[in-house]
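Values below: every heavy atom of this structure, side chains too, minus hydrogens, waters and symmetry copies. In this text, all values refer to a predicted model and were calculated from it rather than measured experimentally.
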Amino acid sequence: MLRGRSLSVTSLSGLPQWEVEELPVEDLLLFEVAWEVTNKVGGIYTVIQTKAKTTADEWGDNYFLIGPYFEHNMKTQVEQCEPINDAVRRAVDTMNKHGCQVHFGRWLIEGSPYVVLFDIGYSAWNLDRWKGDLWEACSVGIPYHDREANDMLIFGSLTAWFLKEVTDHADGKHVIAQFHEWQAGTGLILSRARKLPIATIFTTHATLLGRYLCAANIDFYNHLDKFNIDKEAGERQIYHRYCMERASVHCAHVFTTVSEITAIEAEHMLKRKPDVVTPNGLSVKKFSAVHEFQNLHAMYKARIQDFVRGHFYGHLDFDLEKTLFLFIAGRYEFSNKGADIFLEALSRLNFLLRMHKSDVTVVVFFIMPAKTNNFNVETLKGQAVRKQLWDIAHSVKEKFGKKLYDALLRGEIPDMNNILDRDDVTIMKRAIFSTQRQSLPPVTTHNMIDDSTDPILSTIRRIGLFNSRSDRVKVILHPEFLSSTSPLLPMDYEEFVRGCHLGVFPSYYEPWGYTPAECTVMGIPSVTTNLSGFGCFMQEHVADPTAYGIYIVDRRFRSPDDSCNQLTQFLYGFCKQSRRQRIIQRNRTERLSDLLDWRYLGRYYQHARHLTLSRAFPDEFHMEAPSPPTTEGFKYPRPSSVPPSPSGSQVSSPQSSDVEDEEEDERYNEEEEAERDRLNIKSPFSLGRVPRGKKKLHGEYKN
């Protein structure tokens, strides 16, 4: 048994480092509980999946994930095996003997973590008894008609039962259990009510009531302290769910959330200030070739251009080399995701581009799943016409090439007037006639079921963006997730993002925001807001986010109209950039990916685990100065070289002159700039102490 283990935190030049004694993972068991373990529903799945390798590398065979069992997911994602850990094996066997179905195996993702999966339906016969247990524990009742809440109660009850069996046979090892969101919270409530010897963490990724209130177009952040919480939850018929969430928050030894903006929200909605903010990260894979991500951008941009050629056939009077591809993606939450302000900004951008007679065209994709019947016939026809023209061009090229080759072999210069015969000319004329169309290119790729009431289509009708020839901004709504097997746009989401120029996510309610984070890791600039966790995180870590391709719209302290104008100016400034400026900006954006790597952000989770051990087992784990990791003094500085946007220079035209490019070459040295950025983020910190006798190198902890 460990006694008096001291867990001390110090901060060296603003960068957190754990000293004295490292966390004894060999004497601990770590369980993470979430409804989205092997079960993709939303962003929590991404959090757990991408963090698994970093956590498994640190904790080894003492790390376990707990989730629900679904047969299809089990068959395709999990390799069944026997538990190595004796306490876990006994817990699984005991529960299976008492009428449960508990499955154990390795999740086939990076890190291959162990998973414990409970069959919810198989244990549903215990529902009434477990409802009574929850009522005795916290006086919360669950209506019989709320099937989701009933499933969460079964899941939580099985989790608490499992953790009890583990602690009964833990053989002196301490148990840490982290519960994600209200769906897993029942297990935490019951574990604490039964006084199980475990250290608990509850993590909220978004408050339940906050999401409902923002979806109702309420001025949420300016009225946080004015809401009657019980009344609002009751009117939306989620009072029992809200009580489950709030009880979980107050039962946990440590309460964490994913961003500063959500911490403010949670303090008002759930009446407890989070102990630690644990930002969401990604598993960042660096290419061996420095500019490989730029090559991928060019390759996938060409595939998007092919789609655009087909979609706009007959109206392709704009230069695709001067066309920018913008996109917004995510759940179809019209206001929460910022689609409303984005469409209004596009209308204003269209006016600016037309007024200044710009030769830049902007094609905007809305990748937001909605109810549809099938593909739009006109859209399918466009891709068929494009493919037909491609085949005709290739057949004529083959004949042309053969005649040219034969003439050169004879030592002759062919007569260009005779190299194409009349049949070839006729075929080409028929091909040209086939591209004529009487209607405008469609604004949606599918037949929408609720076409007349769809918020995006209704707004498009109001602002008049119908893809006419005079519009410099074209809009395409793609109301389903992207797939490489699609007959329209055969690309995966990652490929599509890499091919675009800018991701636009002006969300009003976004506790973290994985979409702009994914753009950053892929070297694609993005627009976010100061109401998203990602935007707040970047403001904290980067002195000039715009220079690094992170445009942060102020939606917290400005009126909606001012925010829309700011977004319009960001988009217009981006359209005025030269190709070289966009390349420089993408290089800078990609360098920020280190900030989002779990190897760096994992230390916030490590701090939460230290803190919960010191609170759950104060006699055995001492923590000195339990302040969270700080980022004070830790920022990417503003680049001193050429600004990425013409707004900071005298360049006002979309294309820079040769003289200007020469001046920029003198001012911009990418290697120097990249090296300066690398010095701002050291190799990831572990919880290990600095070995005694190791002399710190000069500047090792300086920025």
Open item on the list: I'd like to know whether CZ of F466 has more than 12 heavy-atom contacts from other residues, nucleotides or ligands below 6.0 angstrom.
Closed with: yes

Task: Heavy-atom check, side chain of L343 versus side chain of I463, under 4.5 Å - done: yes

Open item on the list: To check you understand the geometry: which heavy-atom pair defines the closest contact between N350 and L465, and what is its length?
Closed with: ND2-CD2, 3.7 Å

Task: Over all atoms of both residues, closest heavy-atom pair of E36 and G43 - done: OE1-N, 4.2 Å

TODO: Begin with the C-alpha distance, continue with both residues' side-chain angles, and end with the deciding distance and a verdict on salt bridge (charged side-chain N to carboxylate O under 4.0 Å, His left out) for E110 and K51.
DONE: CA-CA 9 Å; E110 277 194 283; K51 185 168 63 69; over 6 Å; no

Open item on the list: Using modelled atom types and a 3.5 Å cut-off, is there a donor and acceptor pairing between side-chain atoms of W598 and backbone atoms of G281?
Closed with: yes

Task: Sub-4.5 Å side-chain heavy-atom contact between T528 and Y551 - done: no

- [ ] Would you give the length of the straight line joining atom CD of E494 to atom CG of L296, rounded to the nearest 0.5 angstrom?
- [x] 8.5 Å

Task: Polar side-chain atom of H311 near backbone of L380 as donor-acceptor pair, under 3.5 Å - done: no

- [ ] Return yes when atom CD of E398 has more than 12 non-hydrogen atoms of other residues, nucleotides or ligands closer than 6.0 Å, and no otherwise.
- [x] no

Open item on the list: Do F570 and T568 have side chains that approach each other closer than 4.5 Å (heavy atoms only, starting at C-beta)?
Closed with: no

TODO: Can you measure from OG1 (T435) to CG (L389) and round to the nearest 0.5 angstrom?
DONE: 6.5 Å

Open item on the list: Among residues at least two apart in sequence or on other chains, which ones pass side chain to side chain contact (heavy atoms under 4.5 Å, CB included) with N373?
Closed with: N447, I449

TODO: Please tell me if the side chains of L349 and V473 come closer than 4.5 Å, counting only heavy atoms from C-beta onward.
DONE: yes

Open item on the list: Would the distance check show the side chain of T323 and the main-chain N or O of D319 forming a donor-acceptor pair, the cut-off being under 3.5 Å?
Closed with: yes

TODO: Determine, for Y548 and R591, whether the Lys NZ or Arg CZ falls below 6.0 Å from the six-membered ring centre while staying within 45 degrees of the axis.
DONE: no

TODO: Please state whether the rings of H446 and F375 are parallel, tilted or perpendicular, taking 30° and 60° as the class boundaries.
DONE: tilted

Open item on the list: Please evaluate residues L326 and C500 with respect to the criterion side chain to side chain contact (heavy atoms under 4.5 Å, CB included), reporting the C-alpha separation (whole Å), side-chain torsions for both, the decisive distance (0.1 Å), and the verdict.
Closed with: CA-CA 6 Å; L326 279 57; C500 288; over 6 Å; no

TODO: Without swapping roles, check the side chain of D492 against the backbone of S484 for a donor-acceptor pair under 3.5 Å.
DONE: yes

Task: side chain to side chain contact (heavy atoms under 4.5 Å, CB included) evaluation trace for R588 with L592 - done: CA-CA 7 Å; R588 290 174 180 164; L592 292 182; over 6 Å; no

Open item on the list: Tell me if a side-chain donor or acceptor on S532 pairs with a main-chain N or O of T529 at a distance below 3.5 Å.
Closed with: yes

- [ ] Rounded to the nearest 0.5 Å, what's the gap from CZ on R386 to CG on L316? Could you check?
- [x] 11.5 Å

Open item on the list: Taking R106's backbone N and O only, do any of them form a donor-acceptor pair with E79's side chain (distance below 3.5 Å, no angle check)?
Closed with: no

Open item on the list: Centre-to-centre under 6.0 Å for F534 and Y514, is that the case here?
Closed with: no

Task: M355 CE to R348 CZ distance, which is reported to the nearest 0.5 Å - done: 13.5 Å

Give every donor-acceptor pair under 3.5 Å between a side-chain atom in residues 401-409 and any protein atom, sequence neighbours left out.
residue: K402; atom: NZ; partner: D406; partner atom: OD2; Å: 3.4
residue: K403; atom: NZ; partner: I419; partner atom: O; Å: 3.2

Task: Other residues, nucleotides, ligands: >12 heavy atoms within 6.0 Å of R422 CZ - done: no

Task: Spacing of S486 atom OG and Q383 atom CD [to the nearest 0.5 Å] - done: 9.0 Å

Task: Sequence-distant partners of P279, side chain to side chain contact (heavy atoms under 4.5 Å, CB included), two or more places apart - done: V277, W512, F537, L601, Y604

Task: Any L502 side-chain heavy atom under 4.5 Å of L571 side chain - done: yes

TODO: Quick one: closest heavy-atom pair of T589 and I524, and the distance?
DONE: CG2-O, 3.7 Å

- [ ] Without swapping roles, check the side chain of R498 against the backbone of F293 for a donor-acceptor pair under 3.5 Å.
- [x] no

TODO: Could I get the full list of side chain to side chain contact (heavy atoms under 4.5 Å, CB included) partners for H394, not counting sequence neighbours?
DONE: W390, K397

Task: Modelled atom types, side-chain donor and acceptor of R599 and T54, under 3.5 Å - done: no

Open item on the list: Looking at N530 and R555, would you say the former's side chain and the latter's main chain have a donor-acceptor pair under 3.5 Å?
Closed with: yes

- [ ] Would you mind reporting whether M448 and L457 have side-chain heavy atoms less than 4.5 Å apart?
- [x] yes

- [ ] Could you tell me if the ring centre of H478 sits under 6.0 Å from that of F365?
- [x] no

Open item on the list: Any heavy-atom pair between the side chains of Y313 and K381 that's under 4.5 Å?
Closed with: yes

Task: Within 6.0 Å of CZ in R430, more than 12 heavy atoms from elsewhere - done: no

Open item on the list: Please list all pairs meeting salt bridge (charged side-chain N to carboxylate O under 4.0 Å, His left out) that have one or both residues in residues 442-466, counting only residues at least two apart or in different chains.
Closed with: E344-R462, D451-R461

Task: Distance, nearest 0.5 Å, that separates CG of N376 from CG of L488 - done: 8.5 Å

Task: Main-chain N/O of P516 paired with T520 side-chain donor or acceptor, under 3.5 Å - done: yes

- [ ] Would you check if the side chain of K337 reaches a backbone N or O of I328 as a donor-acceptor pair within less than 3.5 Å?
- [x] no

- [ ] Please report the closest heavy-atom contact between Y600 and D594, naming both atoms and the distance.
- [x] CB-O, 3.9 Å

TODO: Check whether any side-chain heavy atom of E480 sits under 4.5 Å from a side-chain heavy atom of I367, and report yes or no.
DONE: no

Open item on the list: Looking at R354 and D471, is there a salt bridge between them, counting it only when a charged N and a carboxylate O are closer than 4.0 Å?
Closed with: yes

Task: Closest non-hydrogen atom pair, P479 against T372 - done: CG-CG2, 3.5 Å

TODO: Could you please spell out the steps behind the side chain to side chain contact (heavy atoms under 4.5 Å, CB included) verdict for N73 and V78?
DONE: CA-CA 7 Å; N73 294 340; V78 180; over 6 Å; no

Task: salt_bridge(R303, D306) N-O dist < 4.0 Å - done: no

- [ ] Evaluate side chain to side chain contact (heavy atoms under 4.5 Å, CB included) for E518 paired with Y493, printing each intermediate quantity in order.
- [x] CA-CA 10 Å; E518 288 166 340; Y493 178 72; 3.6 Å; yes

Open item on the list: I'd like to check the side chain to side chain contact (heavy atoms under 4.5 Å, CB included) partners of K301; sequence neighbours left out, ordered by chain and number.
Closed with: H297, Q305, F325, H501

Task: Validation row, ring centre F327 to ring centre F505 under 6.0 Å - done: yes

Task: Closest heavy-atom pair and its distance - S507, E510 - done: OG-OE1, 3.1 Å

